[in-house]
2 protein chains.
Amino acid sequence: MEQLRETLKGHHLRTTTCREDVLSTFINRKNALSHGDLEGALGENYDRVTIYRTLKTFLEKGIIHKVLDDEGLRYALCSHQCSEEKHHHDHIHFKCNACGKTNCLENLRIPNVALPSGYVPESFNLLIQGTCPECLAN
Amino acid sequence: MEQLRETLKGHHLRTTTCREDVLSTFINRKNALSHGDLEGALGENYDRVTIYRTLKTFLEKGIIHKVLDDEGLRYALCSHQCSEEKHHHDHIHFKCNACGKTNCLENLRIPNVALPSGYVPESFNLLIQGTCPECLAN
DNA sequence: GTATTATCTGCAACGATGTTGCAGAATATT
DNA sequence: AATATTCTGCAACATCGTTGCAGATAATAC
């Protein structure tokens with residue numbers, strides 16, 4: 001509760017109930033969420049547009065980042081502290097084909113790739129699909 | 001021309017002018033294309049819906065595969081021979097932030113990633129963003 | 001070459017997704 | 001408590017993607 005406010009203040013955002021609720025939804029569910037997921041969870045309390053704008057704001061402020069899989073666009077919390085100025089961009093995301101959930105594997109580094117000459121890389125984004133530990137156990 | 005027909009026949013598809021045109025657009029432009037790109041190129045000749053269905057069919061038959069970047073969904077030719085039964089899934093895509101084009105780096109392998117225990121990977125998809133050789137030269 | 005069958009295409013309508021402008025509401029500041 | 005700032009909800013719109021159906025086209029059989 002109090003922590004949510006801290007996060008918002010730390011990114012120079014006013015604390016509103018919508019922002020608190022969106023943020024806590026990201027924290028409670030641990031996987032990446034689409035706009036639709038959030039609308040499903042909070043849609044009765046807030047307007048679709050407000051949720052879109054909240055996501056956009058969180059993106060710009062570096063609170064969340066985009067996650068892409070074969071189904072489309074989702075968002076996940078940035079655990080490395082990102083800010084408006086400096087985004088930490090390299091991510092590995094794992095999507096489970098059984099439960100459909102996608103999450104961010106925080107502590108892994110993407111190994112170096114030997115690109116053909118002339119290609120100058122700036123950011124890397126690796127999506128691995130397979131089976132997650134929870135689904136493997138069942 | 002003749003080659004297009006061969007490709008279509010090889011995937012058990014009827015040769016229609018729309019399919020030939022979509023396929024040759026993929027071959028001529030070498031980068032990944034969105035539905036909008038194809039609509040821009042062929043939209044005066046074919047209905048939007050037909051282009052959507054052509055893409056869907058090509059996907060199912062393993063002629064093209066999805067390419068995702070931060071802007072959305074595109075498609076690129078499968079150069080490794082994919083079929084309806086067996087798709088070759090591991091890809092490295094490079095998106096140039098200068099010209100905006102995305103293409104598939106065919107001959108690279110994605111290096112192994114040491115996943116936490118319990119994660120069973122099936123396919124890998126790496127998106128690298130940066131500057132491409134053409135834009136670097138200019 | 002013509003008839004038959006299977007498939008593809010265009011049209012219309014619809015649903016989902018995402019954006020913009022603006023007035024009123026809520027927050028932070030004094 | 002008053003003010004300035006910024007958020008939110010509403011309405012309207014633009015884009016993207018899907019479905020049903022009738023007519024057109026391609027492959028097959030004759």
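Just so it is clear: chains get the letters A, B, ... in the order the sequence lines come, proteins before strands, and each one is counted from 1. For clarity, every value in this text was computed on a predicted model and none was experimentally measured.
- What separates CG of A/Asp70 from C1' of D/dG17 is a distance of 16 Å, to the nearest Å.
- Across the protein-nucleic acid pair, B/Leu8 atom CG and D/dT25 atom P stand 18 Å apart, rounded to whole Å.
- The distance from atom CD of A/Glu20 to atom P of C/dA26 is 15 Å, rounded to the nearest whole Å.
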What verdict does the side chain to side chain contact (heavy atoms under 4.5 Å, CB included) test give for B/Cys96 and B/Glu134, after you've listed the backbone C-alpha separation in whole Å, the side-chain angles of each residue and the deciding distance to 0.1 Å? CA-CA 10 Å; B/Cys96 178; B/Glu134 288 82 35; over 6 Å; no
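- If you measure from atom CD of B/Glu71 to atom P of D/dC16, you get 11 Å, rounded to the nearest angstrom.
- In this structure, NE2 of A/His11 is placed 18 Å from P of D/dT6, rounded to the nearest angstrom.
- Atom-to-atom, NE2 of A/His12 to C1' of D/dC7 comes out at 18 Å; the value is rounded to the nearest Å.
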Which nucleotides of nucleotides 12-25 of chain C have their base under 4.0 Å from a protein heavy atom (B), which only their sugar-phosphate (S), and which neither (-), written as one string 5' to 3'? B----SBBBB----
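- To the nearest 0.5 Å, atoms CG (A/Leu126) and CG (A/Leu105) are separated by 9.0 Å.
- Remark: side-chain polar atoms of A/Arg19 are paired, donor with acceptor, to backbone N or O of A/Arg14 under 3.5 angstrom.
- Recorded end-axis angle for the helix from C/dG1-D/dC30 to C/dT30-D/dA1 stands at 40°, based on five pairs per end and rounded to 10 degrees.
- Taking CG from A/Asp47 and CG from A/Leu42, the interatomic distance works out to 12.5 Å, rounded to the nearest 0.5 Å.
- Although no hydrogens or angles enter the test, the distance criterion places a donor-acceptor pair under 3.5 Å between the side chain of B/Asp69 and the main chain of B/Gly72.
- Nearest nucleotide to the B/Arg14 side chain, out of D/dT5, C/dA6, D/dT8: C/dA6.
- The nearest whole Å value for the distance from the CG atom in A/Asp21 to the P atom in C/dA26 is 15 Å.
- A/Tyr75 has its side chain out of reach of A/Leu33: every pair of non-hydrogen atoms, C-beta onward, lies at least 4.5 Å apart.
- Taking side-chain N and O atoms only, A/Thr16 has no distance below 4.0 Å to OP1 or OP2 of D/dT6.
- For CG of A/Asn112, the number of neighbouring non-hydrogen atoms (other residues, nucleotides, ligands) closer than 6.0 Å is 12 at most.
- Across the protein-nucleic acid pair, B/Tyr46 atom OH and D/dA24 atom P stand 18 Å apart, rounded to whole Å.
- Comparing B/Thr57 and A/Lys9 against DNA chain C, the residue whose closest nucleotide sits nearer the 5' end is B/Thr57.
- The phosphate of C/dT9 (OP1 or OP2) has no side-chain N or O of B/Thr17 nearer than 4.0 angstrom.
- Under the 3.5 Å distance criterion, the side-chain polar atoms of B/His93 are left unmatched by any main-chain donor or acceptor of B/Val67.
- Listed by first then second residue, pairs satisfying salt bridge (charged side-chain N to carboxylate O under 4.0 Å, His left out) with a partner in residues 92-101 of chain B read B/Asp70-B/Lys95, B/Glu71-B/Lys95, not counting sequence neighbours.
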